[in-house]
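Notes follow once the structure below has been shown.
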Amino acid sequence: MERESMEFDVVIVGAGPAGLATACRLMQISKDADKEITVCVVEKGSEVGAHILSGAVFQPDVLDELFDDWRDCDASPLKTAVTNDDIYLLNSDKNSRLMPNSMVPKTMHNDGNYIVSVGNLARWLAERAEALGVEIFPGFAASELLFNDDNSVKGILIGDMGVGENGEPKDSYMPGMELHAKYTVFSEGCRGHLGKQLIAKYHLDNGKTPQHYGIGFKEIWKIPAEQHQQGKVVHTGGWPLVDGASGGGFLYHMEDNQVAVGLIIDLNYKNPHLSPFDEFQRYKTHPVISQYLSGGERITYGARAIAKGGLNSLPKMSFPGGLLVGCDAGTLNFAKIKGTHTAMKSGILAAETLAEGLIAGIDGGKDLDCFQTRFENSWLHEELHSSRNFGPALHKFGTFVGGAFNYIDQNWFGGKFPVTFRDTTPDHECMGKASDYNKIDYPKPDGQLSFDKLSSVYLSNTYHEEDQPCHLRLKDQSIPVNVNLAQFDEPAQRYCPAGVYEIVEEEGENKFVINGQNCIHCKTCDIKDPSQNITWVTPEGGGGPNYPNM
């Protein structure tokens, strides 16, 4: 098919903090150098911020680098400074222990940080980017990579609109457009489907440990004023994640009597009967959390995978014709439970690398591997290096011994412990056989603190045009029943936080059903399927969740 195309100096895929920081810094350098650089950002969400979900406590130093006037801006999305930290070890469903600050790894202290909606931060960054001259196209999904004859990245193809489930054009059909660029920056977030292809094509992860992931749940609640303490940060470890499952929870007191509550579950768990969604529902019933939520109203719900392998899993971030930044590469600092400031810094470094090449007149399509040198000379590399053992220690030694090691590493050695631990087992290979584990009896939702999946998905404002090709692709249609059901009791029924996957019986036979319209784009299925049989690809642009302020 002959397609229309547009030419830019730089195309950025994904309007999250990393992509928008890249765009803003590029245009700042362009103006300072009086050198025109054309920049386009495409975003698959219906609007900027629609697909962004994060805790989040934000370290603002990186914003000082990008916009030193943000503190004087009335529209700034940073409104709630952290006032105090509480960290609890939950020993059971009733008991807990408040950890003294002196026993907490210093990376988890939040002096000077802010409780934010990263979605609203992205919306603010988008406004600043457009004011600088960046073109932003929300509602357009980058569906395919385009390559030059020399195998360098040429750009991306915007997915066709109006294609029916049968693959045929509907009356509303609009062919996708090609966006060509001298360089393309991929900032799709965790497990980006194009980033995944680039890592494989260019072997960017050679010599690296496998990337590791968690699934993060988040709800925003409006709570009674007398239970609200604006600026208070609560983190927890332990219950309900026991028997080989690990992770941690959070509750952040935002403005307007709202709190963000969530649970992160490492995706290296072994028990195939574990349901991350139901673990989150149980979590909210613990007295440490329920004391704030009781009598409140749940406003919204969402879930998203998190890349937490850190420096040990970080791929080479440059390749012919482009760069990987932010969570598409995996720049999150797990020791701080923060990834927004690191994602933005990677974008700033990418912009400086691109601008240097473009202003010097370097031809497009080159591998700007000087990006690696710039990264290694930055505070971002120093920060990720100091936290490189945090996740592997927890995986290797467990929550208690691993936590003790991390305290020693961060507080005594400053993250410079002379040994580097590595976790070389991919998360999906950790799944055990169903016959080796007991089923978990989860309580029924009470409708006050705990809820069912479908009512939760409703609050995510998820929408997909139902008559379109399914964006959850099976490599082998027989594996879900013949392998995953037989060996693992088909865990997709449980690890999906949106009720996308079901096993139903039809005419006496089991059938695997995909309810793709429920998908909230968390990517967990692409990560945790023990057979690696599910591939997540982007649906029609504008589909998916529509988070207002997550």
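Please read all numbers here as calculations on a predicted model, not as lab measurements.
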What residues form a side-chain contact (heavy atoms from CB on, under 4.5 Å) with Ala492, not counting sequence neighbours?
Glu490, Tyr495, Tyr501, Phe512

Got a sec, which pairs hit ring-ring contact (aromatic ring centres under 6.0 Å, His included) with one end in residues 235-260, sequence neighbours left out?
His228-His253, His235-Tyr252, Trp239-His286, Phe250-Tyr252, His253-Tyr292

Within the distance-only criterion (no hydrogens, no angle test), does the side chain of Ser54 pair as donor or acceptor with the backbone N or O of Ala56 below 3.5 angstrom?
no

Check: Leu449 main-chain N/O paired with Asp446 side-chain donor or acceptor under 3.5 Å:
yes

Contact between Tyr547 and Ile52 at the side-chain level, heavy atoms closer than 4.5 Å - yes or no?
no

Here the gap from Asn461 atom CG to Met550 atom CE, rounded to the nearest 0.5 Å, amounts to 10.0 Å

Per the salt bridge (charged side-chain N to carboxylate O under 4.0 Å, His left out) rule, what does the pair list look like for residues 64-73, sequence neighbours excluded?
Asp64-Arg71, Glu65-Lys345, Asp69-Arg128

Identify, with sequence neighbours excluded, every residue that meets salt bridge (charged side-chain N to carboxylate O under 4.0 Å, His left out) alongside Arg191.
Asp526

Please answer whether the main-chain N or O of Leu66 pairs with a side-chain N or O of Gln28 as donor and acceptor at a distance below 3.5 Å.
yes

Residues that Ser460 engages under side chain to side chain donor-acceptor pair (under 3.5 Å), provided they are two or more places apart
Thr462

If we ignore hydrogens and angles and just use 3.5 Å, is the side chain of Glu43 paired with the main-chain N or O of Ala15 as donor and acceptor?
yes

Asp243, CG atom: more than 12 neighbouring heavy atoms under 6.0 Å
no

Rounded to the nearest 0.5 Å, the CZ atom of Phe186 sits from the CG atom of Leu323 at a distance of 9.5 Å

Using the side chain to side chain donor-acceptor pair (under 3.5 Å) criterion, which residues pair with Ser246? Sequence neighbours excluded.
Asp266

Give, for atom CG of Asp328 and atom CG of Leu194, the distance between the pair rounded to the nearest 0.5 Å.
8.0 Å

Name all residues meeting the side-chain contact (heavy atoms from CB on, under 4.5 Å) criterion together with Arg422; count only those two or more places apart in sequence or in a different chain, and write none if there are none.
Thr209, Asn312, Thr420, Thr424

Residue list, salt bridge (charged side-chain N to carboxylate O under 4.0 Å, His left out) with Lys218, at least two apart or on another chain
none

Going by the side-chain hydrogen bond (donor to acceptor under 3.5 Å, both in side chains) test, which pairs reach into residues 105-114, not counting sequence neighbours?
Asp85-Asn110, Asn110-Asn113, Asn110-Lys338

Measure centre to centre between the rings of Phe421 and Phe405, then say whether the value is under 6.0 Å.
yes

Please round to the nearest 0.5 Å and tell me the distance separating atom CZ of Phe58 and atom CG of Leu121.
5.5 Å

Across all chains, not counting sequence neighbours, the side chain to side chain donor-acceptor pair (under 3.5 Å) partners of Thr353 are Arg374

To the closest 0.5 Å, what do you measure between CG (Leu349) and OG1 (Thr373)?
11.5 Å

So, the side chain of His212 versus the backbone of Asp423: is there a donor-acceptor pair under 3.5 Å, distance only?
yes

Check this for me: does any side-chain nitrogen of one of Asp278 and Arg494 sit under 4.0 Å from a carboxylate oxygen of the other?
no

Is Glu219 reaching over with its side chain to a backbone N or O of Val261, donor-acceptor style, under 3.5 angstrom?
no

With a 4.5 Å limit on heavy-atom distance, are the side chains of Arg298 and Ser456 in contact?
yes

Sequence neighbours excluded, which residues qualify as side chain to side chain donor-acceptor pair (under 3.5 Å) partners of Asn546?
Ser46

By side-chain contact (heavy atoms from CB on, under 4.5 Å), which residues pair with Ala23, not counting sequence neighbours?
Ile12, Val39, Val41, Val134

Have Arg123 and Ser117 got a donor and an acceptor in their side chains that come within less than 3.5 Å?
no

Using a strict 4.0 Å threshold on nitrogen-to-oxygen distance, state whether Asp86 and Lys232 make a salt bridge.
yes

Ring-face cation contact, Tyr269 with Lys528, 6.0 Å cut, 45° max
yes

Is the shortest side-chain heavy-atom distance between Met317 and Leu314 below 4.5 Å?
yes

In terms of relative ring orientation, are Trp221 and Phe451 parallel, tilted or perpendicular, with 30° and 60° separating the classes?
tilted

